[in-house]
Protein chains: 2
Amino acid sequence: MTHQRDRGTITITDIARMAEVSKKTVSRVINDLPSVKESTRLRVKKIIEETGFVPNPQAQALALRRSLLVGLVYDNPSPQYITNIQIGILKELEETRYQLVLRPAIRTDPDCHDQILSFVRQHNPFGLIFVPSMSEDPELTDKLDELDCHYVRMACVELGDPSRQIKTNDADGAKLAGDHLARLGHTKIAHIHGPESFLSTHERRAGFQEALKHHGIELKPEFTVEGAYTYASGVDCAKHLFRLTDRPTAIFAGNDEMAMGVYRAAQDAGLRIPHDLSVVGYDDTTMASRVSPPMTSVHSPIREAARAIAKLLITSHKSKEHKAQDARSTIHLDLNIRQSTAPPATE
Amino acid sequence: MTHQRDRGTITITDIARMAEVSKKTVSRVINDLPSVKESTRLRVKKIIEETGFVPNPQAQALALRRSLLVGLVYDNPSPQYITNIQIGILKELEETRYQLVLRPAIRTDPDCHDQILSFVRQHNPFGLIFVPSMSEDPELTDKLDELDCHYVRMACVELGDPSRQIKTNDADGAKLAGDHLARLGHTKIAHIHGPESFLSTHERRAGFQEALKHHGIELKPEFTVEGAYTYASGVDCAKHLFRLTDRPTAIFAGNDEMAMGVYRAAQDAGLRIPHDLSVVGYDDTTMASRVSPPMTSVHSPIREAARAIAKLLITSHKSKEHKAQDARSTIHLDLNIRQSTAPPATE
DNA sequence: AATATTGAGGTAACCGGTGTCATAACATAG
DNA sequence: CTATGTTATGACACCGGTTACCTCAATATT
């Protein structure tokens, strides 16, 4: 007589009874542990299959001190960016039993670390996924190591164990932008970069600078201004550049948000894009293709990168000596050339 | 001698020993249950306070058959919308122990229901939050009722228990749009609405139509076209409208995405906004304020609504007879008038 | 032949809480 | 001063898994 419970959920005890073995043996089968005769293993598996039994996550979490939760730690406020990250991760987690939990953070918040650490201590997540710029905090990762918490990171450069990270190679992306503008014949090229506290700022600026240098063009200090990766800062920085006596004919903005700000400032200043000013963005957001004229932007496959990082979290945990190189090499950057860039107007 | 465990986590047993009471009494204090002498309660509370003890979520979930997970079920793919929803919910959940788990769904997927139901059965979430258009599925909610699963909904109309729902009153929002265009003097007004399968489509269209009627204007069938709430469909629908012999002088799009499509189509057709064509959107996304000219759009406080719905989930569970009217009444819609609307050009 | 090793499997305690029920302490009524 | 509630508290099983440890037979080793 089957003694059904609350929602008629089947437990490991039910399976054990049906297969006429002990709970422990069923547990061995579930976890693919040795010391189970092949015939027994098959018999148990068959019953599990037929009944659709799935081990209770809470009970496992309690016993193993490790839940099925995967925490996504982020601070980038761009909706487009963060939803792409989420979609990528969710895609990878789809067929697994893991659940994605959102852990937004504010890096400047004094108890930002504590919030994450207390989440880890209380909920014993399977692991954490860090995306920029939360991934760039070495102190935090040190603390997590102490707690023996599993995590992987997405970042623009290598920082730590390469087998637990996906590198987005922002410098390479910026090089594409620099190369493109130089080839068009621009020489008076400006760059609006992000805040110094972001590694991507340095990477993108360095890559851009290197590409220009390769073409014998100097990125002048007065043509290099600091924005905040926001629309408003893009407007301000562009206005500043337009006021210079010998204004630039091309601007590479550190991200699309700021590039959109450049569009606005250009319009206000009566500059036509691309005739009077070429603009290149970074991120290739949806907006880039919808503005008028459609904007040239560096495209980074965020979704795929997010999926790869989620995969890494799951696999790197099992096989510690796993090679992440393959995953990393799939991150392919390219420049989406649209109508916001053209050769400089002849005087 | 304190026998520390793995991460030095303190358990209810530790507290019990320190307070010289049984586990059960500590449990009573934690859950604010009666039958605890005031002096005992205070003593236990003090120790809990001092040690920073927090009950283990997995153990509670196992015993109570109810976890601290709150599932967000959505299918709206707009990044801006969904991040606003998330931000609002997270804000409300911040000081609680609940964790937000993402459960994206595809309504047309045949096993969309099964995925949600199996999540519920396996993870025993505290509750689910449904946002449009996932909230409009009566079959699904019936099944959840069977499972005795707690849920709340955000929707544009009332559908079921009002104390477990937040109404966004889309019809009222659309009325604002209709009223605005009519007051400007437009009579040849078109509406690009969403798919018929969305309740918001009907609400917005009805509200818009009613506002026009109030001004003695008819919403002609040939000026009412169906889009898909996407940018591309907006472009197509607008192109169709422009080809009509007596084209409209104003268009109200069912959402900003489609309104952006109208912008593109207008530009391609050489129509200047607002001189040749007035455009009104719905949602008041970030893009609305950044396009050129900045777009008039119906503003709905999504974030606040999301926060309210999360609050409802938590509170309605405790006091079943809780009044949700207050929460609902705070949802205040308004029209953000920008430069995309103007009186029709005189012939 | 005696002993060690291995394989297959079971038993019982445990993870950290909560439910049920019994009981001690105390207050009130008769 | 006992009878009777009521309040405060604890003992113990249980939620559904896992780990540590044990048994027992079959095989390998000396």
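Below, read A as the first sequence line, B as the second, and so on, with proteins coming before strands; counting in each chain starts at 1. Because the structure is a prediction, the values reported are computed rather than measured.
- If you check the side chains of B:S133 and B:D75, you find a donor sitting under 3.5 Å from an acceptor.
- With rounding to whole Å, B:N56 atom CG is found 12 Å from C:dC15 atom P.
- For B:A63 and B:V21, each mapped to the nucleotide of DNA chain D holding its nearest heavy atom, the one lying further toward the 5' end belongs to B:V21.
- Note on A:S27: a side-chain N or O is less than 4.0 Å away from OP1 or OP2 of D:dT18.
- One interatomic measurement links the two molecules: CD1 of A:I30 to P of D:dG16, which rounds to 13 Å at whole-angstrom precision.
- Here the straight-line distance linking atom CD1 of A:I82 with atom CD1 of B:I87 works out to 9.5 Å at 0.5 Å rounding.
- Atoms CZ (A:R121) and C1' (C:dG16) sit 18 Å apart, rounded to a whole Å.
- The phosphate of C:dT18 (OP1 or OP2) has a side-chain N or O of B:Q60 nearer than 4.0 angstrom.
- Contacts of residues 33-42 of chain A with DNA chain D (heavy atom under 4.0 Å): none.
- Counting heavy atoms from C-beta on, the side chains of A:L147 and A:R121 come closer than 4.5 Å.
- Distances shown here put a side-chain N or O of B:T25 below 4.0 Å from the OP1 or OP2 atom of D:dG10.
- Across all non-hydrogen atoms, the minimal contact from A:S135 to A:L159 is O-CD1, 3.8 Å.
- Rotation axes derived from the C1' atoms of the five outermost pairs at either end of the helix from C:dA1-D:dT30 to C:dG30-D:dC1 lie 50° apart, to the nearest 10°.
- The shortest non-hydrogen separation linking B:L128 to B:L313 is O-CD1, 3.7 Å.
- Look at B:T11 and you won't find any side-chain N or O under 4.0 angstrom from OP1 or OP2 of C:dG16.
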Treat primed atoms plus P, OP1 and OP2 as sugar-phosphate and everything else as base, then score nucleotides 20-27 of chain D 5' to 3': B for base contact with protein heavy atoms under 4.0 Å, S for sugar-phosphate contact only, - for none. B-------
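- Residue pairs meeting the salt bridge (charged side-chain N to carboxylate O under 4.0 Å, His left out) criterion with at least one partner in residues 77-94 of chain B, sequence neighbours excluded, are B:K91-B:E94, B:E92-B:R307.
- Judged as a ring pair (Phe, Tyr, Trp, His ring centres under 6.0 Å), not a single pair has a partner in residues 49-85 of chain A (not counting sequence neighbours).
- As rounded to whole Å, 14 Å separates atom P of D:dA8 from atom CZ of B:R43.
- Using a 4.5 Å cut-off on side-chain heavy atoms (C-beta onward), A:C112 and A:M134 make contact.
- Residue-level contact check: B:L62 touches the bases, meaning some heavy atom is under 4.0 Å from a base atom.
- For C:dT18, one of the phosphate oxygens OP1 or OP2 lies less than 4.0 angstrom from a side-chain nitrogen or oxygen of B:N31.
- Residue A:T9 places no side-chain N or O under 4.0 Å from the OP1 or OP2 atom of D:dG16.
- One N or O donor and one acceptor, one from the side chain of A:K23 and one from the base of D:dG17, sit under 3.5 Å apart.
- The shortest side-chain heavy-atom distance between A:I10 and A:V54 does not fall under the 4.5 Å cut-off.
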Residues B:Q58, A:R65; criterion side chain to side chain donor-acceptor pair (under 3.5 Å); working and verdict: CA-CA 9 Å; B:Q58 280 84 41; A:R65 288 168 200 78; over 6 Å; no
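- The salt bridge (charged side-chain N to carboxylate O under 4.0 Å, His left out) analysis of residues 47-62 of chain B, with sequence neighbours excluded, yields the pairs B:K46-B:E50.
- Rounded to an integer number of Å, the gap from B:I10 CD1 to C:dG17 P is 11 Å.
- The aromatic rings of B:F126 and B:Y98 sit tilted, their planes meeting at an angle between 30° and 60°.
- Taking atom CD1 of residue A:I12 and atom P of nucleotide C:dT11, one finds them 14 Å apart after rounding to whole Å.
- In this entry the distance linking CZ of A:R65 with C1' of C:dG16 reads 10 Å, nearest Å.
- What separates CD1 of B:I48 from C1' of C:dG16 is a distance of 14 Å, to the nearest Å.
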